[in-house]
Visitor: 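Below is one structure. I have some questions about it.
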Amino acid sequence: MVYHSSFVDEEGVTKACGCPLLALKSHIKGPAPISDQESTDIVDEAITFFRANVFFRNFDIKSSADKLLIYLTYYINVALKRLEGCRTLAEGTKAIINLGLEDVPVPGESGFPFPGLFTPPKSQQEALLFRNYLKQIREETSGRLLGVAYRHNGTPNKWWLAFAKRKFVNIIAL
């Protein structure tokens, strides 16, 4: 059984491209609202559920937050693929920073991994808002992922990096 997001369609949450812009426990600048540091956010859910959800070829969407969970699961898969050859935390950090510097495509642009999952932006402003949100959430996910992909002594955690070989919903991570 697939793990779904606990963030079901809440009223008052801004949306862009059919995706809720959920609050994050983040210090990174961006359009996401700031969440309480003690609460669980979508990034926590994505990292927690990643090792179970990555095995599924199909994912039933029960709420619009599930779309974001799918995107983050795919992004974690891509990030682990980049970390696969990194033998130290310093090398991993450099690889993740380089991943963060890459362009972030939005729905309707080439390179977006899930063309039918999100609606294309209706305006340039919506595209910019969604791009900035995805950039912020990817940076936040990368930082937290380093904390689980590497042990406290800076060596790789094989129980996480082994999942770099998995394909999520039958998509090969680049």
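On a predicted model such as this, the values are computed, not experimentally measured, just so you know.
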Visitor: For N157 and V148, indicate whether the former's side chain and the latter's backbone hold a donor-acceptor pair under 3.5 Å.
Guide: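 The answer is yes, because a donor-acceptor pair under 3.5 Å joins these two groups.
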Visitor: Whether the side chain of N132 engages the backbone of P31 through a donor-acceptor N/O pair (distance < 3.5 Å, no angle test) should be reported.
Guide: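 Not at all, since once roles are kept as given, no pair shorter than 3.5 Å links the two residues.
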Visitor: Establish whether F130 and I28 are linked, either directly or via other cluster members, by ILVMFWY side-chain heavy-atom contacts under 4.5 Å.
Guide: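 Per the 4.5 Å side-chain linkage, F130 and I28 are not co-clustered.
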Visitor: How long is the straight-line distance from CD1 of I70 back to CG of N53, given to the nearest 0.5 Å?
Guide: 8.5 Å
Visitor: Please determine whether side-chain contact (heavy atoms from CB on, under 4.5 Å) holds for the pair I137 and V43, giving the CA-CA distance in whole Å, both sets of side-chain angles, and the decisive distance to 0.1 Å.
Guide: CA-CA 8 Å; I137 202 165; V43 175; 3.7 Å; yes
Visitor: Looking at K25 and D41, would you say the former's side chain and the latter's main chain have a donor-acceptor pair under 3.5 Å?
Guide: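 It does not hold such a pair.
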Visitor: Taking all atoms of both residues into account, what is the closest heavy-atom pair of V13 and P20, and its distance?
Guide: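 Here V13 and P20 meet closest at CG1-CB, 3.8 Å.
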Visitor: Which atom names give the shortest non-hydrogen contact between P121 and V106, and what distance separates them?
Guide: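 P121 and V106 have their closest heavy atoms at CG-CG2, 4.4 Å.
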Visitor: Looking at CG of N77 and OG1 of T73, how far apart are the two atoms once the value is rounded to the nearest 0.5 Å?
Guide: 9.0 Å
Visitor: With a 3.5 Å distance limit and no angle check, can you tell me whether K67 reaches the backbone of C19 through a side-chain donor-acceptor pair?
Guide: no
Visitor: Got a donor-acceptor contact below 3.5 angstrom from the D44 side chain to the T40 backbone?
Guide: no
Visitor: Hey, could you give me the OG1/CG distance between T48 and L69, rounded to the nearest 0.5 Å?
Guide: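 That separation rounds to 10.0 Å.
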Visitor: How long is the gap from SG on C17 to CG on L134, to the nearest 0.5 Å?
Guide: 8.0 Å
Visitor: Enter the distance from L146:CG to I97:CD1 here, rounded to the nearest 0.5 Å.
Guide: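 Reported value, rounded in 0.5 Å steps: 8.5 Å.
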Visitor: Strictly under 6.0 Å, is that where the ring centroids of Y74 and F50 end up?
Guide: no
Visitor: Decide whether F114 and L21 are clustered together by the hydrophobic rule: side chain heavy atoms of Ile, Leu, Val, Met, Phe, Trp, Tyr closer than 4.5 Å, transitively.
Guide: yes
Visitor: Nearest 0.5 Å, please: how far is CZ in F163 from CG in L83?
Guide: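 The CG atom of L83 sits 14.5 Å away from the CZ atom of F163.
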Visitor: For P113 and P115, which heavy atoms make the closest approach, and how far apart are they?
Guide: O-CD, 3.4 Å
Visitor: Considering only NZ, NE, NH1 and NH2 on the basic side and carboxylate oxygens on the acidic side, decide whether R82 and E102 come within less than 4.0 Å.
Guide: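 Yes, R82 and E102 are salt-bridged.
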Visitor: Does a side-chain N-to-carboxylate-O contact under 4.0 Å join D103 and K135?
Guide: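 Salt bridge absent between D103 and K135.
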Visitor: Check whether Y150 reaches the backbone of L145 with its side chain - one donor and one acceptor, N or O, closer than 3.5 Å.
Guide: no
Visitor: Any link between I61 and F118 through a network of hydrophobic side chains (Ile, Leu, Val, Met, Phe, Trp, Tyr) touching at under 4.5 Å?
Guide: yes
Visitor: Test E109 against R131 for salt bridge (Lys or Arg N to Asp or Glu O under 4.0 Å), laying out the working first.
Guide: CA-CA 11 Å; E109 294 179 353; R131 185 182 322 276; 2.8 Å; yes
Visitor: Is any side-chain N of the basic residue among R87 and E91 closer than 4.0 Å to the acidic one's carboxylate O?
Guide: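 Not counted as a salt bridge, because no side-chain N and carboxylate O are separated by less than 4.0 Å.
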Visitor: Any side-chain heavy atom of L22 within less than 4.5 Å of one from Y133?
Guide: yes
Visitor: Scan side-chain atoms only and decide if Y71 and R138 contain a donor-acceptor pair under the 3.5 Å cut-off.
Guide: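 Side-chain D/A pair, Y71 to R138: present.
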Visitor: Which heavy atom of C86 sits nearest a heavy atom of P156, and at what distance?
Guide: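 Closest pair (atom of C86, atom of P156, distance): O-CG, 3.7 Å.
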Visitor: Nearest heavy-atom pair of I47 and T141: which atoms, and what distance?
Guide: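 Result for this residue pair: CD1-O, 4.2 Å.
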Visitor: Ignoring hydrogens and geometry beyond distance, is a side-chain donor-acceptor pair present between E45 and S6 at under 3.5 Å?
Guide: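 Looking only at side-chain atoms, S6 and E45 do form a donor-acceptor pair, the distance falling under 3.5 Å.
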Visitor: Counting N and O atoms only, with roles assigned by atom type, does the side chain of E139 sit under 3.5 Å from a partner on the main chain of Q136, one being a donor and the other an acceptor?
Guide: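 Here the side-chain-to-backbone pair does not exist.
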Visitor: Might you point out which heavy atoms bring S26 and I34 nearest each other, and give the distance in Å?
Guide: O-CD1, 3.7 Å
Visitor: The test is side-chain contact (heavy atoms from CB on, under 4.5 Å); show your working for S35 and L24 and say whether it passes.
Guide: CA-CA 5 Å; S35 174; L24 300 175; 5.6 Å; no
Visitor: Within the 3.5 Å criterion, strictly below it, is a donor on Y75 or S142 matched to an acceptor on the partner's side chain?
Guide: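 Yes, side-chain donor-acceptor contact under 3.5 Å.
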